[in-house]
Each structure stands twice: as C-alpha cells, then as structure tokens.
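Letters go in sequence order (proteins before strands), and every chain restarts at 1. When reading the values below, keep in mind they use all heavy atoms of this one structure, side chains included, and skip hydrogens, waters and symmetry mates.
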Amino acid sequence: MSEQPVKCVQPAGGLVEKAAPAAAAPETKQEVKMAPLARVGKPAPDFVANCYKGGKFGKVKLSDFRGHWVMVCFYPGDFTFV
Amino acid sequence: MISLSTDSQFSHKIWNETELSKMVEGGIPWAMGSDQTGAIGTAYGVHDEEAGVNIRGRFLVDPDGVIVAMEVMTPPVGRNINEFIRQVKAYQHVRATGGAEVMPADWHPGDPTLKPGPDLVGNVWKVWKPKK
C-alpha cells in the first residue's frame with residue numbers, strides 16, 4: 001500500500017487498462033481495445049483502489065504484488081452478516 | 001491479499017475497528033480496497049449492477065499475475081478458507097515442479113501427485129484412489 005493524503009472526495013481508481021471510449025472507435029480497421037475480463041489462465045485485470053490498511057489510508061495496486069501469490073477477494077459489503 | 005467491496009475506505013476503517021478487530025486479533029492485516037464505481041468488480045465478473053455491490057468472488061493470482069483459480073458465490077453462503085489454502089498449496093507445488101507434476105482431486109500436501117506421460121494414460125487408478 002502507498003499512503004495517500006486523506007480527502008473527502010478523490011478518484012475511485014479502477015482498472016489500469018480501460019476500454020477505449022466508443023467515440024474513439026476509428027473508421028479505419030484499427031483494433032478497438034476491449035476492457036479486460038477475468039478468466040482462469042489469463043492475466044488478472046490490473047487495478048488501483050483506494051484502501052485502508054493498518055490504521056492508514058492509501059492506494060493498493062494489484063501489479064505491485066508481482067512475484068507473490070495474491071488472493072483477490074470481493075464481498076457484498078462491510079457490516080453485512082455472512 | 002486484497003479485499004474489495006463497494007464501500008469506502010472510511011467505512012472499512014470503522015468496520016475493522018468496531019467489529020472485525022473483535023473477531024481477528026490485531027484487526028485485518030491486509031489492504032481493504034474500495035471499488036465504489038464497481039469497475040473492478042465488473043472486470044472480474046462479480047459486480048451486481050442492480051444491487052450496486054460485488055458478490056462473493058475470490059481469485060488466486062500467481063506470481064506472474066495470472067489468475068489460476070476462482071470461486072464466485074451468491075451472498076447467503078460463506079466461503080471455506082481451507083479449500084482455498086489447499087488450492088494455493090497445490091498450485092505452488094505444480095509451479096515448483098515446473099508443471100511436471102499435477103495434483104489429482106482432493107490432493108493435500110504429502111499425497112501422491114501425478115506425472116503425466118504415456119505410461120500414466122489409463123493407469124491413474126493404480127496411483128490414485130478416491131478418499132472415503
């Protein structure tokens with residue numbers, strides 16, 4: 001985690017490699033970039049997210065963990081029951 | 001380990017302080033990430049647009065950044081961390097052998113592994129039997 005100054009509103013982060021906007025779809029046969037999608041056996045879509053860790057706020061980036069085994073775990077929400 | 005939900009990092013802090021630290025000594029040691037736009041969950045196929053949340057999904061990423069295993073569950077049932085740890089150990093073993101050994105169903109550390117080759121075809125039953 002890289003520590004960041006705390007602000008009321010800050011960019012949410014998200015995927016590092018985003019899909020090209022539709023308006024940019026060229027008339028030529030240039031390849032339109034698709035948003036990455038998670039599949040087993042394929043590279044994990046890289047992302048940056050605001051985070052909390054050990055009393056501090058910062059940003060966490062998946063590709064910073066290269067060389068390590070990583071568990072990426074999604075859950076419905078804080079304070080939910082299961 | 002990175003956890004992600006659509007809550008803010010501020011919510012994560014209070015959840016950790018008021019509840020999780022009472023179940024886990026010292027609180028949560030990993031980065032609790034915020035995916036407020038759902039963009040990350042969407043890429044991982046776990047974002048529920050109607051509810052605005054990410055459903056339960058966990059992904060094992062190897063040291064090259066490749067997803068080797070995933071499990072996605074609807075919300076009312078919790079996960080089993082022991083099965084995840086079993087998978088991590090199995091994939092680590094595969095990697096340590098450069099893929100020369102593979103792990104049969106329900107493999108646990110110490111169990112026999114399989115070495116794919118012409119002699120193994122049709123003979124898996126000799127080296128592996130289902131546990132009762």
Side-chain angles (χ1 to χ4, degrees), chain A residues 1-19 21 33-82, chain B residues 1-16 18-20 27-48 51 53-70 72 75-79 84 88 91-92:
Chain A
M1 184 186 82
S2 62
E3 204 173 345
Q4 303 282 331
V6 177
K7 298 174 186 169
C8 290
V9 176
Q10 54 197 0
L15 295 178
V16 172
E17 192 178 321
K18 297 186 173 80
K33 205 174 218 179
M34 301 293 285
L37 197 62
R39 291 176 63 185
V40 286
K42 304 290 181 191
D46 195 17
F47 60 82
V48 181
N50 294 319
C51 72
Y52 169 77
K53 183 185 178 187
K56 292 174 179 166
F57 294 114
K59 287 194 184 294
V60 62
K61 186 177 186 185
L62 178 61
S63 54
D64 287 345
F65 291 82
R66 203 56 55 85
H68 298 272
W69 293 86
V70 186
M71 179 185 191
V72 178
C73 181
F74 295 88
Y75 61 98
D78 296 351
F79 300 103
T80 53
F81 307 103
V82 177
Chain B
M1 168 80 197
I2 302 172
S3 61
L4 288 159
S5 74
T6 52
D7 301 285
S8 71
Q9 64 273 35
F10 305 130
S11 175
H12 293 331
K13 176 176 190 284
I14 303 304
W15 189 33
N16 183 52
T18 61
E19 190 164 51
L20 298 180
I28 297 297
W30 60 75
M32 301 173 74
S34 170
D35 180 28
Q36 286 186 287
T37 65
I40 303 169
T42 299
Y44 282 77
V46 297
H47 190 64
D48 179 338
V53 302
N54 292 324
I55 55 173
R56 274 177 227 295
R58 61 97 173 134
F59 299 78
L60 174 59
V61 180
D62 78 6
D64 296 325
V66 171
I67 298 172
V68 293
M70 62 169 76
V72 181
V77 173
R79 296 173 257 234
F84 177 73
V88 173
Y91 279 109
Q92 286 177 336

Top contributor to chain A interface from D64(B), L20(B), T37(B), V68(B) [non-hydrogen pairs under 4.5 Å]
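The candidate making the most pairs under 4.5 Å is D64(B).
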
In terms of heavy-atom pairs under 4.5 Å with chain A, which of V53(B), V61(B), V88(B), I28(B) leads?
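Most heavy-atom pairs under 4.5 Å with chain A: V61(B).
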
Using heavy-atom distances under 4.5 Å, tell me whether [X] contacts chain A through its side chain, its backbone, both, or neither.
{"X": "P75(B)", "value": "both"}
{"X": "I55(B)", "value": "backbone"}
{"X": "T42(B)", "value": "backbone"}
{"X": "A31(B)", "value": "both"}
{"X": "V46(B)", "value": "side chain"}
{"X": "V72(B)", "value": "neither"}

Within the side chain of H12(B), is there an N or O that forms a donor-acceptor pair under 3.5 Å with the backbone of G33(B)?
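Yes, H12(B) side chain to G33(B) backbone: donor-acceptor pair under 3.5 Å.
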
So, do W30(B) and V60(A) sit near enough that their side-chain heavy atoms are less than 4.5 Å apart?
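No, too far: nothing below the 4.5 Å cut-off.
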
Is there side-chain contact between I67(B) and P45(A), with at least one heavy-atom pair below 4.5 Å?
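They are in contact (side-chain heavy atoms under 4.5 Å apart), so the answer is yes.
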
Measure [X] against the heavy atoms of chain B and call it side chain, backbone, both or neither at under 4.5 Å.
{"X": "P76(A)", "answer": "both"}
{"X": "V48(A)", "answer": "backbone"}
{"X": "F65(A)", "answer": "side chain"}
{"X": "V70(A)", "answer": "both"}

Can you check whether W15(B) and Y75(A) have ring centres sitting under 6.0 Å from each other?
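Judged by ring-centre distance (under 6.0 Å), W15(B) and Y75(A) do meet the cut-off.
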
Is the ring pair F59(B)/Y44(B) parallel, tilted or perpendicular, if the boundaries are 30 and 60 degrees?
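Correct class here is perpendicular.
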
Consider side-chain hydrogen bond (donor to acceptor under 3.5 Å, both in side chains). Of D7(B), D48(B), D35(B), T6(B), which one does N54(B) pass it with?
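Output: one option passes, namely D35(B).
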
Most heavy-atom pairs under 4.5 angstrom with chain B, which of K56(A), H68(A), M1(A)?
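The candidate making the most pairs under 4.5 Å is H68(A).
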
When G77(A), S63(A), C73(A) are compared by non-hydrogen pairs under 4.5 Å with chain B, the top option:
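When all of G77(A), S63(A), C73(A) are compared, C73(A) has the most.
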
What's the separation between atom CD1 in I2(B) and atom CE in M71(A), rounded to the nearest 0.5 Å?
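If I round to the nearest 0.5 Å, the distance is 11.5 Å.
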
For the CD atom of E19(B) and the CD1 atom of I14(B), what is their distance to the nearest 0.5 Å?
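Between atom CD of E19(B) and atom CD1 of I14(B) there are 12.5 Å.
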
Closest heavy-atom contact between A69(B) and Y91(B)?
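Of all heavy-atom pairs spanning A69(B) and Y91(B), the closest is CB-CE1, 3.9 Å.
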
